[in-house]
There are 2 protein chains.
Amino acid sequence: MTSFERPTLVRDGVYDHLRRAVLDGDLAPGERLGEVELGAQLGVSRTPIREALMRLTQDGLLIAEANKGVRVRTLSAAEARDTYVVREELDGLAAALAAQHHTPADAAALRAALNELHAAPGSDYRAQTRLDLAFHRAITHAAHNAALNDLNRDLEQRVALIKHQTRTYNAHPQTDAQHAALLDAILARDHDAARDAARTHVRTFAALVLNDLQPRSTP
Amino acid sequence: MTSFERPTLVRDGVYDHLRRAVLDGDLAPGERLGEVELGAQLGVSRTPIREALMRLTQDGLLIAEANKGVRVRTLSAAEARDTYVVREELDGLAAALAAQHHTPADAAALRAALNELHAAPGSDYRAQTRLDLAFHRAITHAAHNAALNDLNRDLEQRVALIKHQTRTYNAHPQTDAQHAALLDAILARDHDAARDAARTHVRTFAALVLNDLQPRSTP
DNA sequence: GCGCACAATATTGTATACAATATCCACAAT
DNA sequence: ATTGTGGATATTGTATACAATATTGTGCGC
């Protein structure tokens with residue numbers, strides 16, 4: 001929340017900055033975002049701040065109440081469950097399409113992403129989360145489907161919000177094996193196996209996260 | 001584009017107004033939207049206009065170029081194909097979930113929506129489109145999955161844009177039968193049949209639309 | 001007649017001023 | 001003590017003013 005780069009337009013800089021802050025968990029779910037305060041922190045007027053907040057609200061990362069400002073969105077346990085149901089379907093589709101359409105460059109990127117993820121220290125929650133996301137993005141990218149990529153962006157954001165509410169740790173005995181199986185199936189161009197592997201992975205992971213989320217109250 | 005109602009906030013009124021205009025095809029794909037012009041037409045300042053345009057851009061209905069304003073989005077043939085691939089998956093999921101989770105009220109709404117659709121004059125393109133959309137929305141609603149509803153909203157918008165580019169007519173010999181089969185499967189709580197029926201319907205419809213889209217150039 | 005440069009114009013981007021609404025604290029009435 | 005009312009304060013919502021960038025058109029040179 002200190003310095004920030006402007007791409008060309010101030011509002012885009014603010015948007016990127018705040019989006020990352022929410023997705024990285026620097027802004028906690030439920031936290032209120034005041035326009036004047038943000039403007040002072042980033043050294044810009046309220047106008048680009050407002051426009052960035054508007055976009056983030058439309059993304060579903062923030063919740064706006066009329067005349068009451070915006071807050072970082074919190075998802076109920078039910079919404080979290082719903083999200084993983086959809087994610088299972090869409091991740092499965094992404095894996096199947098990636099198996100069918102991936103290029104040699106995609107294959108290299110997928111291998112690299114998984115290697116990075118395996119190399120990350122198991123104790124580093126943020127790095128783990130970031131690299132896991134990168135791996136899944138590589139799969140979606142390899143699917144070469146623009147609509148899927150757009151929708152997946154929304155889902156990624158929801159999952160990030162859920163994770164920050166639960167602080168569920170990524171590591172799991174089966175995670176590495178599942179990732180490997182998924183990658184193998186994609187590279188082998190076996191779209192059915194890839195779809196199954198992706199769906200299984202989402203299911204196990206969802207069970208983990210939802211188990212953590214369940215005990216808490218659902219505001 | 002003449003009168004418009006304001007819910008409470010001006011920007012929300014502008015947003016709803018413009019969104020409907022784009023989705024109804026009153027604003028043609030590719031058409032440029034000037035801020036001062038819109039402000040004059042709707043009788044408000046540029047600020048709420050800008051904020052509405054920002055949100056619509058984030059929705060994917062408009063395309064913004066820096067310092068060059070926004071235009072109604074046009075989708076390439078490839079993007080249209082991609083959209084229907086995803087829609088097939090998500091409509092299938094929605095139908096399956098609706099079959100599992102629909103309430104008596106949902107069932108009544110589904111029946112009513114389909115009846116309305118059947119009753120609409122086959123020559124009324126706009127009514128046909130609107131009621132078809134309402135039927136599909138009823139299904140998604142009956143699925144009782146918030147995440148799916150949100151994502152479906154994005155897909156609906158894309159499909160609306162595609163349709164306005166092609167002006168494909170909704171009517172098709174198989175459409176009525178497919179709708180009926182889909183509804184029957186949902187009401188019978190047969191989620192596999194419902195999923196298949198939805199996917200089949202999307203496929204036949206996609207083929208129709210894409211066939212119309214293909215001849216045209218892809219800007 | 002064609003093309004480039006440059007100015008005139010228009011439009012978007014940002015900042016600020018003003019209005020409307022909500023929040024919060026003090027204080028009184030029960 | 002608690003609750004309700006009122007005003008003071010703060011924050012959002014809208015309008016407008018100013019700055020920066022793009023577009024357009026005109027004139028000059030070739």
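Reminder, nothing fancy here: chain letters follow the sequence lines and each chain counts from 1.
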Practice problem: For the pair A/His136 and A/His179, name the ring-plane relationship: parallel under 30°, tilted 30 to 60°, perpendicular over 60°. | Solution: perpendicular

Quiz prompt | Ring geometry between A/Tyr84 and A/Phe205 (parallel below 30°, tilted from 30 to 60°, perpendicular above 60°) | solution = tilted

d([atom1], [X]; [atom2], [N]) in whole Å:
X       : N      : atom1 : atom2 : value
B/Ile49 : D/dT16 : CD1   : P     : 13 Å
A/Met54 : D/dT14 : CE    : C1'   : 11 Å
B/Glu51 : D/dT16 : CD    : P     : 15 Å

Quiz item: Does one side chain, of B/Thr140 or B/Asn149, offer a donor that lies under 3.5 Å from an acceptor on the other?
Solution: no

So, are [X] and [Y] salt-bridged, with charged N and O less than 4.0 Å apart?
X        : Y        : result
B/Arg137 : B/Glu156 : yes
A/Asp12  : A/Arg55  : yes
A/Glu89  : A/Arg199 : yes

Quiz item: With respect to the phosphate group of C/dA15, does any side-chain polar atom (N or O) of A/Ser45 fall under 4.0 Å of OP1 or OP2?
Solution: yes

Quiz item: Once each nucleotide of nucleotides 7-12 of chain D is scored for protein heavy atoms under 4.0 Å, what B/S/- sequence comes out, 5' to 3'?
Solution: ----SB

